[in-house]
Every structure is written in structure tokens, then in C-alpha cells.
There are 2 protein chains.
Amino acid sequence: MTKIQSRHGFQSCSDCPIKYRAVCSKCDADELGLLENIKYYRSFDAGQPILFSGDPLQFVASVVSGVATMTQTLPDGRIQMVGLLLPSDFIGRPGREIVSYDVTATSDVTLCCFRRHPFEQLIATTPHIGQRLLEMSLDELDVAREWMMLLGRKTAREKITSLLALIARRNAALVQHPLSDGMSFELPISRETMANYLGLTIETVSRQMTALKREGLITMAGNRGVAVPDLAALMLETGDDADGTALL
Amino acid sequence: MTKIQSRHGFQSCSDCPIKYRAVCSKCDADELGLLENIKYYRSFDAGQPILFSGDPLQFVASVVSGVATMTQTLPDGRIQMVGLLLPSDFIGRPGREIVSYDVTATSDVTLCCFRRHPFEQLIATTPHIGQRLLEMSLDELDVAREWMMLLGRKTAREKITSLLALIARRNAALVQHPLSDGMSFELPISRETMANYLGLTIETVSRQMTALKREGLITMAGNRGVAVPDLAALMLETGDDADGTALL
DNA sequence: CGAAGGTTTGAGGTCATTCAATTACAGTGG
DNA sequence: CCACTGTAATTGAATGACCTCAAACCTTCG
């Protein structure tokens with residue numbers, strides 16, 4: 001009797017690709033067992049909504065794979081991204097009845113969901129979950145604050161180069177390669193999503209990308225492929241310190 | 001033998017003005033006792049720095065009274081405020097060796113400080129502190145995200161009116177009065193601080209304040225006194241939904 | 001191959017900034 | 001109490017960065 005391979009390609013917590021970083025990463029075997037009782041996987045196609053602001057919050061979740069965005073919308077339709085959700089990131093807020101933000105899948109996404117009420121009780125009873133969630137929340141706060149600096153004070157060009165540097169850095173970490181000149185990566189998000197991240201319009205994003213191309217700071221392969229011949233030169237344009245410690 | 005009244009006007013946790021909201025608010029008597037062992041009060045005059053970005057983080061603290069700001073600075077001197085610290089707010093990050101932001105007293109400030117290492121151990125051993133800190137961090141994240149929307153997408157006028165609405169709301173909560181037409185309050189921060197909060201220049205802040213005055217949306221008594229004849233009219237200018245749920 | 005969506009490019013306008021000068025304010029000492 | 005001084009705030013004119021609106025151009029996928 002063979003096991004049926006699930007859509008996301010793994011079965012249990014022990015195989016989970018995000019087990020070292022997710023909200024459950026500090027849990028021992030017993031605690032993981034409790035979590036398994038209340039968890040289930042859900043998948044979303046690229047472009048699909050995951051949560052709507054204002055709806056009741058039924059579950060919290062970890063992003064297992066894919067990219068999702070948290071956005072807020074003003075009554076007249078202006079959109080600002082307030083969170084970029086990557087594998088191991090946490091969705092939802094324990095103790096909150098109502099969803100506060102729109103969450104949308106930007107690529108195909110797999111979530112590890114926990115029903116909210118049981119999860120809240122686990123937080124109260126098993127310290128490791130709450131501790132990890134605290135760590136993650138404090139990290140997110142730091143990210144949010146860097147982002148506020150970007151939104152409030154940086155120029156369009158600095159915003160774009162900061163984002164490129166962020167993606168390059170994250171990509172390097174993911175592939176376990178150090179940052180290096182000539183490195184290349186795929187943009188995980190569209191121009192529109194970039195614009196909503198940076199507090200710019202699509203057109204301004206496009207123009208700045210073109211300018212960076214023209215000046216040789218980046219080269220592009222299609223709309224999503226980016227190569228960086230001289231990393232230090234790109235970092236210089238972010239407005240941050242040379243070492244680029246700033247954005248994460 | 002009479003007790004010497006301390007500078008901040010109270011002696012112990014039982015008298016503490018922020019005991020219902022601070023990081024210690026969930027602690028029982030035993031836990032408070034442990035905290036008392038590692039705590040001490042410090043006061044700062046208006047304008048004084050409290051923490052410098054890059055310095056070792058020796059203590060964490062609760063704001064007992066006064067107003068402080070958390071700011072980040074780019075190498076060329078641009079400043080963005082990333083946190084407004086009011087009574088009961090928490091300063092510092094457990095688990096972090098180095099201070100990440102400049103913290104400055106905007107008014108005279110009194111802090112209830114805890115040495116960092118013992119405090120971190122308390123988090124590990126007494127669940128109530130960690131739980132409360134998690135709640136507070138999640139609240140701060142929501143605030144930071146509202147703020148990101150403001151910085152990324154709102155116009156100068158919307159930024160100013162949003163800030164006024166925020167202060168009005170917070171003031172009403174403090175004085176235990178409901179929001180009402182004709183209410184008045186003191187701005188706790190200068191024009192420059194407002195500008196750093198909103199991602200604007202001083203001049204733009206000033207111009208927008210003047211415009212609101214001219215249009216009768218606010219009236220001013222000196223540079224800091226604000227009265228709002230028609231609250232709904234002001235809220236309409238924030239860009240948020242009519243009920244103004246948005247900014248906290 | 002054609003359609004649809006995403007992206008780029010262009011021209012023109014607007015809002016916030018910059019730089020500079022003036023005015024109000026608060027604290028100090030006479 | 002009032003002039004004095006330094007800081008904070010306002011006002012003005014001009015510039016410039018980013019936006020808006022519109023059209024053309026790629027790509028990707030059926």
C-alpha cells in the first residue's frame with residue numbers, strides 16, 4: 001500500500017521545508033503532535049485571494065511555499081502593500097476576530113493552516129509557540145520599520161534599488177550562495193506589485209528600471225530576470241550605508 | 001521617618017500609572033516581585049537622547065510618562081520616525097545585542113528600566129511577560145502597517161489630518177472623554193517631529209496646517225493648541241473610511 | 001496567429017520640495 | 001515688566017520629482 005503523494009510534495013512536519021524557521025520551529029515532538037491535530041494544508045493558485053479584510057478570521061497559517069502579499073486599500077482604491085509573505089512567514093493574528101488585511105497569492109501558494117481557536121489555546125499552554133511567534137513578530141517589526149524609512153524618505157531610484165538589493169540578498173540566502181558580482185535572480189513579483197510595495201506607480205517603477213538598465217547597473221532577461229554586474233554599485237544607489245545592512 | 005517622594009511621583013508597581021497597559025500588566029504579585037528586583041527608574045529631559053543606534057543594548061524599558069520617538073537616519077541625514085513612544089509603550093528588543101534605532105525624549109520622560117539579560121530570562125521563565133509582549137508587538141505591527149499606508153499612498157493633507165485624528169483619538173482615550181465636536185488638545189510634538197513622522201518637510205507640514213486653519217477645519221491656540229469644530233469634516237480629509245477605524 | 005494582459009514610453013500637469021526670507025514664540029537677564 | 005536672543009514656525013517663489021493620461025509595444029498563452 002503506497003502513500004499518496006500530496007500536491008505540495010510532502011506528508012508531515014518532519015519533511016516540512018520550513019520546519020527550521022516557521023512558527024513551529026521551537027516545538028518538540030509532543031508539541032508538534034498537538035499542532036498536527038489542528039492543521040491542514042491549503043493551496044492557492046497565483047492571483048487568488050487568500051483572506052479578505054473584514055472577514056472573520058477562521059485560521060492562521062504558515063506559508064510553506066510560494067509568495068503572497070498583504071495589502072491595504074483606501075476607499076478610493078489606492079493600494080499599499082504592508083507585508084510580503086514568503087515561505088515560513090506567518091499569516092493571521094491570534095486574538096483577532098476579524099481579518100485586517102487583504103492577503104493574495106502572488107504565485108502558487110501552499111499554506112499550513114491551523115484553526116484559530118485551538119491555535120490560540122496552544123499559545124497559552126505551550127510556551128514554545130508563543131516564544132517563536134514573539135521572535136517572528138519582533139523581526140517583522142524591524143522589517144516594517146526599514147520599510148517605513150523607504151516609503152517616507154527614499155527617492156524612486158533608491159526605492160527600486162533597495163528592493164532589488166533585498167531580493168538579491170534573500171535569493172542568495174535561499175540558494176546558499178554569497179552575494180557576488182554577476183549574480184542573477186528572478187523577480188518574484190510584477191511591476192504592479194513592486195509599485196504597491198514601494199508606494200510608487202507602475203510607470204515610475206518601469207522608468208526607473210529602464211534607467212538602471214541604461215546605466216548598466218542591471219541587465220535584464222525578459223521582464224523578470226535580473227543580473228547585477230556590480231553589486232556594490234547598485235548598493236550605492238540605495239541611500240543606505242555601504243554595507244547595506246539596512247534592509248534586513 | 002517619612003518616605004522620600006521620588007521625582008516621578010510614585011514608589012512602586014502598585015501605584016504605577018501604566019500598570020494596566022505595560023509589559024508587566026499580566027503579571028501576578030510574585031512575578032511583579034521578580035521584576036522589581038531588576039528594575040530602576042530613569043528620567044530624561046526633553047530633547048535628550050535615550051538610546052543611540054549601534055550602541056550595546058543594556059536595558060529594555062517601559063515609558064512611564066512623557067513622549068519619546070524612535071527614528072532612523074540615512075547616511076546623508078534624512079530622518080524618518082518609525083515609532084512614537086507613549087506611556088506604557090515598550091522600548092528595546094529582548095534578544096538583541098545592539099540598539100537598532102535612535103530613541104529620543106520629545107518631552108520630559110520617565111522610564112521604568114529592566115536590565116536586559118535578567119529580563120530575557122524572565123521572559124523564558126514567566127509566561128505572562130512574554131504573552132503580554134507578544135500582544136503589544138502584534139499591536140505595534142498593526143500600527144506600523146497603517147503607518148506604511150500613510151507614508152506610501154496618502155497626500156500631505158491626508159497625512160496631516162490622519163495624524164491630527166490619531167492624536168485626537170488617543171487624547172480622548174487618555175482623558176476618558178469620547179470624541180466630540182469642539183474638542184481640543186495639545187500637539188505633543190513639534191512641526192519637525194510631525195514632518196519626520198509623516199515623511200514630509202517642515203514647510204509642507206506648516207503649509208497644510210495653515211490651509212486647514214484657513215478652511216476652518218481646525219483652530220489653533222499658539223503653536224501647539226488645536227481645536228476641532230467639526231470632527232467628521234476633519235476625518236473626511238484623512239482618506240480613510242468615514243468611521244475612521246483605520247488609524248488605530 | 002491572435003487576443004489579452006503586462007510593460008514601456010511620451011507629453012504634460014501637479015504636488016511637494018528646496019532655498020531663502022520673514023515672522024512668531026519662549027526663555028533669559030536686565 | 002520688557003527688551004533681547006535663539007529657536008521654531010510661517011510664508012514665498014521656483015524647481016523638480018513623481019503622477020496622470022494616453023498610446024505603443026512586448027509576451028505569453030490559448
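In the text below, chain A, chain B and the rest are named by the order of the sequence lines, each starting its count at 1. Heavy-atom basis, side chains included; hydrogens, waters and symmetry copies ignored.
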Atom CG of Leu200(B) and atom P of dT10(D) are separated, to the nearest Å, by 14 Å
Exercise. Would you say the side-chain atoms of Arg153(A) pair up with the backbone N or O of Arg78(B), donor to acceptor, closer than 3.5 Å?
Worked result: no
Base, sugar-phosphate or nothing for Thr210(B)? Non-hydrogen atoms, less than 4.0 Å.
sugar-phosphate
query: Just checking Gly47(B): base, sugar-phosphate only, or nothing, at a heavy-atom cut-off of under 4.0 Å?
result: nothing
Between CG of Leu151(A) and P of dC18(D) the distance, given in whole Å, is 13 Å
Rounded to whole Å, CZ of Arg191(A) lies from C1' of dG6(C) at a distance of 9 Å
On a plain distance test, is the side chain of Arg207(A) in donor-acceptor contact with the base of dG10(C) below 3.5 Å?
yes
Taken to the nearest whole Å, NZ/Lys213(B) to P/dT23(C) is 16 Å
In short, Glu237(B) meets Arg157(B) closest at the heavy-atom pair OE1-NH1, 2.7 Å
**Message:** Is Thr204(B) close enough to dA16(C) that one of its side-chain N or O atoms is under 4.0 Å from OP1 or OP2 there?
**Reply:** no
Among the nucleotides dT9(C), dT18(C), dT10(D), whichever has the atom closest to the side chain of Thr201(B) is dT18(C)
Here the distance between atom P of dA17(D) and atom CG of Leu198(A), to the nearest Å, is 18 Å
Quick one: does any side-chain atom of Trp147(B) pair with a main-chain N or O of Gly83(B) as donor and acceptor, under 3.5 Å?
no
Taken to the nearest whole Å, CD1/Ile189(B) to C1'/dA8(D) is 14 Å
- Residue-phosphate contact under 4.0 Å: Thr155(B) side-chain N/O, dC15(C) OP1/OP2: no
Is a side-chain N or O of Ser162(B) found less than 3.5 angstrom from the main chain of Glu158(B), in a donor-acceptor match? yes
From CD of Glu158(B) across to P of dT14(C) the rounded distance in Å is 17 Å
* To do: Spell out yes or no: do the side chain of Glu203(A) and the base of dC18(D) have one donor N/O and one acceptor N/O closer than 3.5 Å?
  => no
Taken to the nearest whole Å, CD/Gln208(B) to C1'/dT14(C) is 13 Å
Between Leu111(B) and Phe59(B), the two heavy atoms sitting closest are CD1-CE1, 4.4 Å
Walking DNA chain D from its 5' end, the first of Arg224(B) and Arg157(A) to be reached, judged by nearest nucleotide, is Arg224(B)
